[in-house]
Q: 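The structure is given below, and queries will be raised subsequently.
Chain A is the first sequence line, chain B the second, and so forth, proteins listed ahead of strands; every chain is numbered from 1.
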Amino acid sequence: MPRLIMHVDLDAFYAAVEQRDRPEWRGRPVVVGAAPGGRGVVATCSYEARRYGVHSAMPIAVAARRLPPETVYVRPDMARYARVSREIMTVLQTLSPVVEPVSIDEAYLDCTGLQRLIGPPEAIGRRAKAVIREAVGLTASVGLGPNRLIAKLASDSHKPDGLTVVPAGQVQAFLDPMPLAVLRGVGVKTAPRLERLGLHSVGDIRRLPLETLRRQLGARAGTAVHQQARGIADDRVYPARERQSISKETTFGTDVTDPEVLRETLRWAAQEVGYVARQEGRAGSVVTLKVRLHPFETHTRSGTLRAATADDRMLFRTAWALLQAEHWLGRRAVRLIGVGLSGWHSEPEQGDLFADSGVIPEGSDADRLHETLDAIRDKFGKGMIQRGMARPPS
DNA sequence: TCTGGGGTCCTAGGACCC
DNA sequence: TCTGGGGTCCTAGGACCC
């Protein structure tokens, strides 16, 4: 039986929440993101701001130059947006129990079989928009189609406050004229590459042999793009996806060379990551250090611990040790620094979670730290000994 | 114009094991 | 003394997405 998938996308979500809560900002350009004088980008902006050519991910300095003086600039209030998001996801479950939040402002719903209860796809889409408006007073753009790709492109095709249904029989006509960058996995790097080959629309991609695409994009991506161009995509909705990593990073207002500043920032990031991990009852064994140098050069270093942890100090010491092992770093200016945690237990064990951040189980912490340091020394120390190797090369 | 912060997934190479 | 092939794990980097 063909499935009916719905994609729901809140319009200019952060900016819309701000305008909802501050009526005096309605009708004015609102930019949620970095401070206009500083480093950073636009996270979201209201439709009034978009009229000036401003959009998400645009450097704030560029946006500020384009926007009029009455523009409102606000820092994101993620906690508030998350609360609104939870309300929306909850109310969507009154339509279908199979709701997959894909981000704070988007969700997929499996609406297969809902026609008998609600009516045609248009009626289901109208119902979704209505329950969101009644619950939180915001508008959403909604798309319905036979799979995730088509539902997503349908919701993208009419914004804001849109409702678009693409029946299975019209998928190819809908897709063919679209620019190839609408396909998932085709972004700022891949699109120009394909365009240099004379390909511009999804239809152009569709007429290409599978082997050509696999050669150009790699086996996996090539196959995926070949399928998508034919309207073939995943038609399942995953209501309980588990997160794979937790991370915290920050970009400095001006680049940093002072090791003390790097150290204290890393300590802060480790505390943030540890806190979230403990809140979620997770412990991970892979600690990742992320460093962005001037001008815009990003490096990651990761280490696998013997046992999973959610302890702030363990995370900090591991990340700090990874940083110190990078002798080439020297005094180079650091733009961004951060910490990540991943590699969850396959079977979470209560005893391995340091539920209280202030207490480290006796003995184990020092042991784990030494494991870490040994591993790092092995990896980066004299002779470049790879961890796990029986003995150094002679 | 100068590039946030939170993520996911894929690739490729080296080590290791059988 | 020279050296296959498959599978898996680990790490770094990169593309992409919202």
Q: Taking atom types as modelled, find out whether A/T139 and A/R133 have a side-chain donor-acceptor pair closer than 3.5 angstrom.
A: no

Q: Do the side-chain N and O atoms of A/W268 and A/E264 include a donor-acceptor pair separated by under 3.5 angstrom?
A: no

Q: Would you indicate, yes or no, if B/dT3 has its OP1 or OP2 atom less than 4.0 angstrom from a side-chain nitrogen or oxygen of A/T251?
A: no

Q: Once you apply a heavy-atom cut-off of 4.0 Å, does A/V286 come out as touching a base, just sugar-phosphate, or nothing?
A: nothing

Q: Does a nitrogen or oxygen in the side chain of A/R301 sit under 4.0 Å from OP1 or OP2 of C/dG13?
A: yes

Q: Respond yes when some side-chain nitrogen or oxygen of A/T300 is under 4.0 Å from OP1 or OP2 of C/dT11, and no when none is.
A: no

Q: Would you call A/F296 stacked on B/dT3, i.e. ring centres under 5.5 Å apart with the planes less than 30° off parallel?
A: yes

Q: Assign A/L289 to base, sugar-phosphate, or nothing according to its heavy-atom contacts below 4.0 angstrom with the strands shown.
A: nothing

Q: How would you label the contact of A/I246 with the nucleic acid (heavy atoms, under 4.0 Å): base, sugar-phosphate, or nothing?
A: sugar-phosphate

Q: If you check the A/R39 side chain, which of B/dT3, B/dG6, B/dT1 turns out closest?
A: B/dT3

Q: Are any of A/K248's side-chain N or O atoms less than 4.0 Å away from OP1 or OP2 of B/dG6?
A: yes

Q: Under 4.5 Å side-chain heavy-atom separation, chaining through any Ile, Leu, Val, Met, Phe, Trp or Tyr, what else clusters with A/V186? Say none if it is isolated.
A: A/L149, A/I150, A/L153, A/V166, A/V171, A/F174, A/L175, A/M178, A/L180, A/V182, A/L183, A/L194, A/L197, A/L199, A/V202, A/I205, A/L208, A/L213, A/L217, A/V225

Q: Would A/R313 and A/F316 count as a cation-pi pair here, with the cationic atom under 6.0 angstrom from the ring centre and within 45° of the axis?
A: no

Q: Under 4.0 Å between a side-chain N or O of A/H299 and OP1 or OP2 of C/dG13?
A: yes

Q: Decide yes or no on salt bridge (charged side-chain N to carboxylate O under 4.0 Å, His left out) for A/D311 and A/R317, but give the supporting numbers first.
A: CA-CA 10 Å; A/D311 179 74; A/R317 289 171 194 164; over 6 Å; no

Q: Can you confirm whether A/H158 is buried at NE2, in the sense that more than 12 heavy atoms of other residues, nucleotides or ligands lie under 6.0 Å from that atom?
A: no

Q: Let me check I have this right: for DNA chain C, each base becomes ., (, ), [, ] or |, based on Watson-Crick or G-U pairs with both distances under 3.5 Å. What is the full string?
A: ....||||||||||||||

Q: Could you tell me how far C/dC17 sits from B/dC2 if I compare only their P atoms? Round to whole Å.
A: 25 Å

Q: Which part of the nucleic acid, if any, lies within contact of A/I104, taking any heavy atom under 4.0 Å across all strands shown: a base, the sugar-phosphate backbone alone, or nothing?
A: nothing

Q: So, does A/R292 get its side chain near the phosphate of B/dT3, meaning an N or O under 4.0 Å from OP1 or OP2?
A: no

Q: Could you check whether A/S141 and A/D11, counting side-chain N and O atoms only, form a donor-acceptor pair closer than 3.5 Å?
A: yes

